[in-house]
2 protein chains.
Amino acid sequence: MEGNRYDPFKAAFDSLDEFADMISQVLKCPITIEDANHRLLAYSTHDERTDPARISTIIGRRVPEKVINQLWKEGTIPALLKTKEPIRVKSMEDIGLGHRVAISIWKQDEVLGFIWALEIDRSLTNDDFTLLKNAADAVKNKLLQLQTRKNKKEERTQEFFWKLLTRHLNSPREIMEHFHSLQITPAKFFAVQVYKLPHNITNKEEQAISYLLKTTQRVKILLYAIDCNQLILLAAADYFDNPIPELDYFAKMFAAKLDDRFGIKEITPACSGIYEDYSKISKAYDEANAVLTVKSKFPKETKNIINYQKLGIYQLFDLLLEKRRNEEYENYSLKKLHEYDQKHNSNLLETLESFLNFDDNINDAAKDLNVHANTLAYRLKRISEIGDINFKDPNQKMMLYIDLKLNKYKGI
Amino acid sequence: MEGNRYDPFKAAFDSLDEFADMISQVLKCPITIEDANHRLLAYSTHDERTDPARISTIIGRRVPEKVINQLWKEGTIPALLKTKEPIRVKSMEDIGLGHRVAISIWKQDEVLGFIWALEIDRSLTNDDFTLLKNAADAVKNKLLQLQTRKNKKEERTQEFFWKLLTRHLNSPREIMEHFHSLQITPAKFFAVQVYKLPHNITNKEEQAISYLLKTTQRVKILLYAIDCNQLILLAAADYFDNPIPELDYFAKMFAAKLDDRFGIKEITPACSGIYEDYSKISKAYDEANAVLTVKSKFPKETKNIINYQKLGIYQLFDLLLEKRRNEEYENYSLKKLHEYDQKHNSNLLETLESFLNFDDNINDAAKDLNVHANTLAYRLKRISEIGDINFKDPNQKMMLYIDLKLNKYKGI
DNA sequence: AAACTTTTTGTGAAAATCCCCAAAAAGTTA
DNA sequence: TAACTTTTTGGGGATTTTCACAAAAAGTTT
């Protein structure tokens, strides 16, 4: 056993920075300590040799996202999450990463953080690896304390978020005070995102989500909460000229990463519009949920829609459906076409829908319907005759489109 | 005075037909008697010489509409409505009308009907004209009786119509019984039309309307009623393959004739959708009124719309306006464009609206905006960038169109 | 089966739209 | 004022779309 050997890390230490310096002196290389989310906890200072990746990490107090992405792709982080042994990482010059060795810090079967040792002048020996393992073991309690403190704070933030979502906090001043007391800087503009999973979110998945949120830097996540099969985020929408596409991109990327890295599949992302007034968070939450509802009703039509603003007319569907039901209205053109379809078993309605779906583009629609473009043109002529439709009138066409979709949902 | 002269029409007569024969014998030419609405009341039979127009009149029990139209255009009817003297009408071969003389039958300053004398073998002399005047005088009381009887029936029909419009008759059986007792054959399909005038309808105008309704044969009017500044019609929608355009045409024609013939201007016609179930008359009435409301709010946009079905998305506007108000939603793209317009005093919103109004036709919209087509193309590129709009997505465009119109109405 | 209507597909020329480039005009910033 | 960005306009060629016509195919009626 190694217990008999000399262990320099048994000595007491006050701060993590002190400890990092200690390891650095023993192993004769720069040391960085991160938490499980790759946020910088401490780094050795008595040695000036370093590489760009480490500089960025120290400056930003977190590992840059592109480095994390690379370490995932290339297998280092997955390996660190599996084994308690040190892992050697080859130099990756494109992201400014020199040779280094990493080890994960464990508490039972949970990873609390990582220690990085840069191999700038010398490569670490097997003995050094053992020392690194000892260091990881020695530092774990310190990390545990930090984590507990953080967990408590996280609990408080989650509670705060829920209050916002459920309209239990309305005065802007009160909301700002809460933000301040949690040391969160509220963004000027925000949006609420909701990710729906096919099943309730497990603890393990929650950890994965939390990890991803902490390591993702593209969009700043102010708050998050988990509710059964939903992940709810409060995302900052500043810094961008066009936040909606940015948030869309983020949502897709986030869902893709959850799949790639943690095998969490079939995530449906949704996002509210952009708001400035924090007392409207609950409304934003409603919007995101409205997106999810519509997406479940019109999966094909809204496949690429994430943002409430981009729902277009589907925003109005619950309302319109109700109106149509109450007044038992029937679109005369559609009725005529339906009758014709029945009688001659043709498919003018389908044809019309495709044509409208493809923004009046005859070629695209013809391709979609697997017919010759001229066939489609002929059918459209017939449709305009039978349904008394003027295809130059956007107003008429919109109503047709809307009624087509409504009828579809009504199951006619 | 002519009182001293021989008047063959002083003798008593039982039926109008008998009287027509009597005139015919005196004047030695075929005679037709019509009411004020050009419905056939009586015709002489002992003489077989006639012309196509008279044959059609007798067969259809009314003067054919094209003959009436021609007599209006050419001035005969206006003249008959002004003078008590006989009027000579030249032959009009295109409508099968031979030479004839007509005289109106007056009761005080109201025209009750007309007597027509065909000049087939001989032209009428001045003496004959005097005889004709005597005949017109002699027949007026008989016509008055008929009219009173008709007026009573008309009152009953109006009352029936009001009951239908105000939901006071709901059972189909009951409705059918009423129709039957009024000797009106209900059509299979019907629509309710409402014509709005800028002022309350005067008695004189009501007469003109009634006259037009009786003489118009293109669309069968089952019932009509007048309410302050509205004329309400129950129009039959059978016989046509596409009733909506037919009813539209009729409405325009009807309004135009009221203007042409009686100088009644600024009539706004509106029409409900087509219904089969007579218990839904009140709903049809609501629809026609909805058209009028929308037309007053969006006069330009709905200039050419008469039928509720053709209102398109404007059908939904009251509902949508309410929704938008409640949720204080703002279309992000429009907001961005508005901001840009304000900042650079450009007119991207106007540009977008025009483009959408003209069904995405760059040339038409450019003409409308008085700019070069390439300018418009450039602006659209900018609009899609600034507003994050994909002009290939019909859904997005519809929402823009709708929100543009809603904002317009909200007066932003 | 023959005659007929409706629908589909193909072809090719005319028309239109799209797209790139460039210059001028207008507006902004240094 | 100069440099710069944004917007407008124009030309002109490549590409698409539109349209008319015709033949074939499919479906209906007699």
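Every chain is numbered from 1, with letters handed out A, B, ... down the list of sequences. Note that the structure is a prediction, hence the values are computed from the model and not measured.
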Using whole Å, what does the distance between atom [atom2] of nucleotide [N] and atom [atom1] of [X] come to?
| X | N | atom1 | atom2 | answer |
| --- | --- | --- | --- | --- |
| Lys381(B) | dC18(C) | NZ | C1' | 14 Å |
| Tyr378(B) | dC21(C) | OH | C1' | 15 Å |
| Asn363(B) | dT17(C) | CG | C1' | 8 Å |
| His372(B) | dC18(C) | NE2 | P | 14 Å |
| Arg382(B) | dG27(C) | CZ | C1' | 13 Å |
| Asp360(A) | dT17(C) | CG | C1' | 15 Å |

Worksheet item: Parallel, tilted or perpendicular: which fits the ring planes of Phe254(B) and Phe250(B), with parallel below 30° and perpendicular above 60°?
Response: parallel

Worksheet item: Just checking, Lys300(B) and Phe298(B): is the charged tip under 6.0 Å from the six-membered ring centre and within 45° of the axis?
Response: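 No; the conditions do not both hold, so Lys300(B) does not lie above the ring face of Phe298(B).
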
Discussion item. I want to check one thing: is the phosphate of dC19(C), taken as OP1 and OP2, less than 4.0 Å away from some side-chain N or O of Asn374(B)?
Written reply: no

Worksheet item: Can a donor-acceptor pair be found between the side chains of Lys367(A) and Asn361(A) at a distance below 3.5 Å?
Response: no

Practice prompt. Using side-chain hydrogen bond (donor to acceptor under 3.5 Å, both in side chains) as the criterion, point out the one residue from Lys392(B), Lys397(B), Gln396(B) that pairs with Asp359(A).
Written response: Lys397(B)

Fill in: Arg324(A)/Asp403(A) ion pair, N-O < 4.0 Å
yes

Worksheet, complete the sentence: Nt span of DNA chain D in reach of chain A heavy atoms at under 4.0 Å, 5' end first, is dT17(D) to dA20(D)

Worksheet entry | Pairwise 5' ranking along DNA chain C for Asn361(B) and Lys343(B), keeping only the more 5' one | Asn361(B)

Item to complete: May I ask you to check whether Phe190(A) and Tyr278(A) place their ring centres under 6.0 Å from each other?
Response: yes

